[in-house]
Peer 1: 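If you scroll down you'll find the structure; I have some questions about it.
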Amino acid sequence: MRDIPIFDVILLIARPAAGKSEVIDYLKHITLEERTNRFHIGEFSEIDDFPMLWAWFEEDALLENMGHPRLHTDQEGYFLGQHLWDLLIERIELEYQKNLRNIQDYAKTFTTIIEFSRGKEHGGYQSAFSHLSPQLLKKTAILYIDVTWEESLRKNRKRFNSEKPESILEHSLPDSKLERLYKEVDWEEVRKDDSRFLTIQGHQVPYVIFDNSDDVTTQGGEALGERLEQVLKELWNNYSSPTID
């Protein structure tokens, strides 16, 4: 563990519109002192695969307009292959390694928040986790925000802003696409019967579930802060345990 009592890496995962981006927005707008003391999160570094994915959509549209083949997606916006979902995870890992290399004291003072969603249709979390390096997994804890499919659908519809389709907080998917990609998730199968740790590539990775069935993330403010503090305290206790490899 580091001298400063903070997480190295948190995987922030959930269905789309479950509240991931709202949690990140909350954490970004509090002081470093409060973030460290209450949540064990240091200097803030976010890696989200949505901007990477959106860039592919834009590139494919430009290529098509130029008369060239699309590289990543078909005309309906579905990936041309399962491997592209896994490539996004490899890109996340690459961004993390670049931060370690290029930012002074990154390993000592920063907490990296890695955000993504995965559904069974494109390999689920099982496939995504298999593309994380052992070096990263040794430093990682998982925060899973739990909402039903129906709640994901409701909030996905609510947050849509047609003028900002590339926005982290306001992007959305058509209902049919959300259903195909994310109605079925493999989280329960991945976590199995262990209430504290996931076994990923032989590593014991601590996790905690943030129950957002009442949509506290949209409410925000101290209500969100209190619940986040509670679940991250539990996660920290497991993360700082000597059982972590």
Side-chain angles (χ1 to χ4, degrees), residues 1-14 19-21 23-52 86 88-118 125-126 128-145 168 187 190-191 194-210 225 227-245:
M1 299 302 296
R2 299 189 254 190
D3 295 335
I4 306 171
I6 57 175
F7 293 101
D8 290 85
V9 178
I10 295 178
L11 296 189
L12 180 58
I13 56 176
K20 301 183 300 299
S21 297
V23 166
I24 287 176
D25 189 63
Y26 173 85
L27 291 169
K28 282 181 176 178
H29 288 89
I30 59 176
T31 66
L32 175 60
E33 181 180 12
E34 181 179 3
R35 206 162 54 227
T36 302
N37 292 338
R38 290 185 65 187
F39 307 109
H40 299 284
I41 294 174
E43 296 284 0
F44 202 92
S45 176
E46 175 189 1
I47 306 176
D48 184 347
D49 70 349
F50 175 73
M52 305 173 191
D86 297 330
L88 287 171
I89 301 299
E90 299 279 352
R91 283 292 315 276
I92 285 172
E93 176 92 29
L94 178 61
E95 291 303 312
Y96 175 73
Q97 296 298 333
K98 284 157 58 175
N99 287 345
L100 283 175
R101 182 188 67 207
N102 297 329
I103 300 176
Q104 185 176 6
D105 294 329
Y106 189 85
K108 295 180 180 179
T109 60
F110 278 79
T111 297
T112 304
I113 309 292
I114 295 174
E115 177 188 351
F116 60 88
S117 297
R118 289 295 183 273
Y125 294 110
Q126 183 173 1
F129 292 163
S130 72
H131 287 268
L132 296 170
S133 70
Q135 293 78 15
L136 184 68
L137 288 170
K138 289 178 181 179
K139 302 176 180 180
T140 293
I142 296 174
L143 174 59
Y144 182 80
I145 302 180
I168 294 292
W187 169 252
V190 168
R191 81 183 188 103
D194 195 318
S195 62
R196 297 195 304 154
F197 296 93
L198 303 184
T199 302
I200 304 175
Q201 301 180 40
H203 300 282
Q204 294 297 309
V205 180
Y207 78 89
V208 71
I209 296 175
F210 182 111
R227 187 169 305 174
L228 190 59
E229 182 177 14
Q230 179 184 353
V231 297
L232 287 181
K233 180 180 180 180
E234 178 183 346
L235 186 61
W236 177 257
N237 288 339
N238 293 332
Y239 183 78
S240 58
S241 164
T243 60
I244 301 298
D245 61 343

Peer 1: Rounded at 0.5 Å granularity, tell me how far CG in Asp8 sits from OH in Tyr239.
Peer 2: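 Between Asp8 CG and Tyr239 OH, I get 3.5 Å after rounding to 0.5 Å.
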Peer 1: We want to know whether Lys139 and Thr112 form a side-chain donor-acceptor pair, criterion being a heavy-atom distance below 3.5 angstrom.
Peer 2: no
Peer 1: Under 4.5 Å between any side-chain heavy atoms of Lys108 and Ile4, yes or no?
Peer 2: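 No, too far: nothing below the 4.5 Å cut-off.
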Peer 1: In the structure I gave you, are the side-chain heavy atoms of Ile89 and Arg118 within less than 4.5 Å of one another anywhere?
Peer 2: yes
Peer 1: Do His40 and Ser240 have side chains that get closer than 4.5 Å, going by heavy atoms?
Peer 2: no
Peer 1: Mind checking the CG-CG spacing from Leu32 to Asn37? Nearest 0.5 Å is all I need.
Peer 2: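 These two atoms lie 9.0 Å from each other.
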Peer 1: Identify the heavy atoms of Leu137 and Val205 that sit nearest to each other, and give their distance.
Peer 2: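 Looks like O-CG2, 4.0 Å.
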Peer 1: Would you mind checking if Glu95 and Arg91 are paired as a salt bridge, meaning a charged N to carboxylate O distance below 4.0 Å?
Peer 2: yes
Peer 1: Less than 4.5 Å apart, side chain to side chain, heavy atoms only: is that true for Ile10 and Phe39?
Peer 2: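 Answer no - side chains too far apart.
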Peer 1: Are any of the side-chain heavy atoms of Ile209 and Trp187 separated by less than 4.5 Å?
Peer 2: yes
Peer 1: Side chains of Tyr96 and Ser133: do they bring a donor and an acceptor to under 3.5 Å?
Peer 2: no
Peer 1: When you measure from the side chain of Thr111 to the backbone N and O of Phe7, does any donor-acceptor pair fall under 3.5 Å?
Peer 2: yes
Peer 1: What's the shortest heavy-atom distance between Ser45 and Asn99, and which atoms?
Peer 2: OG-ND2, 3.5 Å
Peer 1: How far apart are the closest heavy atoms of Ser21 and Glu115, and which atoms are they?
Peer 2: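 Nearest pair, atom of Ser21 first, then Glu115: OG-OE2, 3.1 Å.
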Peer 1: What heavy-atom pair brings Ser117 and Lys20 nearest, and what distance separates the two atoms?
Peer 2: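 Looking at all heavy atoms of both residues, the closest pair is OG-NZ, 3.0 Å.
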Peer 1: For the pair Ile142 and Ile200, evaluate side-chain contact (heavy atoms from CB on, under 4.5 Å) and give the outcome as yes or no after the intermediate values.
Peer 2: CA-CA 12 Å; Ile142 296 174; Ile200 304 175; 4.2 Å; yes
Peer 1: Run the numbers on Leu232 and Leu235 for side-chain contact (heavy atoms from CB on, under 4.5 Å), then give the verdict.
Peer 2: CA-CA 5 Å; Leu232 287 181; Leu235 186 61; 3.9 Å; yes
Peer 1: If you look at every heavy atom in Pro206 and Thr140, which pair is closest and at what distance?
Peer 2: CD-O, 3.5 Å
Peer 1: Using modelled atom types and a 3.5 Å cut-off, is there a donor and acceptor pairing between side-chain atoms of Gln201 and backbone atoms of Leu132?
Peer 2: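 Checking the backbone N and O of Leu132 against the side chain of Gln201, a donor-acceptor pair under 3.5 Å is found.
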Peer 1: Hey, mind stepping through Leu143 and Leu228 against side-chain contact (heavy atoms from CB on, under 4.5 Å) and telling me if it holds?
Peer 2: CA-CA 10 Å; Leu143 174 59; Leu228 190 59; 4.1 Å; yes
Peer 1: Keeping Tyr144 on the side-chain end and Leu11 on the backbone end, is there a donor-acceptor pair under 3.5 Å?
Peer 2: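 No, the answer is negative, given that no donor and acceptor are paired below the 3.5 Å cut-off.
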Peer 1: Taking Val208 as the fixed residue, which of Glu234, Gln230, Lys233, Arg196 is the one that meets the side-chain contact (heavy atoms from CB on, under 4.5 Å) rule?
Peer 2: Glu234
Peer 1: Using modelled atom types only, decide if a donor and an acceptor are shared between the side chain of His131 and the backbone of Glu90 within a distance under 3.5 Å.
Peer 2: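 Here the side-chain-to-backbone pair does not exist.
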Peer 1: Can you tell me how far the CZ atom of Arg35 sits from the OH atom of Tyr26, to the nearest 0.5 Å?
Peer 2: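 So the CZ of Arg35 and the OH of Tyr26 are separated by 11.0 Å.
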Peer 1: Is there a side-chain contact between Leu136 and Ile114 in this structure, where contact means two heavy atoms from C-beta onward sitting under 4.5 Å apart?
Peer 2: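 A side-chain contact exists here, since the closest heavy-atom pair is under 4.5 Å.
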Peer 1: Find out whether Ile92 and Met52 are in side-chain contact, i.e. whether some heavy atom of one side chain is under 4.5 Å from a heavy atom of the other.
Peer 2: yes
Peer 1: Under 30°, 30 to 60°, or over 60°: which ring-plane class applies to Phe110 and Tyr106, parallel, tilted or perpendicular?
Peer 2: parallel
Peer 1: Can you tell if the side chain of Phe129 reaches within under 4.5 Å of the side chain of Ile13, non-hydrogen atoms only?
Peer 2: yes
Peer 1: Output the distance between atom CD1 (Ile113) and atom CD1 (Ile24), rounded to the nearest 0.5 Å.
Peer 2: 6.5 Å
Peer 1: Starting at CD1 of Ile47, measure out to CG of Leu12 and round the result to the nearest 0.5 Å.
Peer 2: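 Result: 12.5 Å between the selected atoms.
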Peer 1: Does the side chain of Tyr207 pick up a donor-acceptor pair with the side chain of Asp194 at under 3.5 Å?
Peer 2: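 Distance-only check fails for Tyr207 and Asp194.
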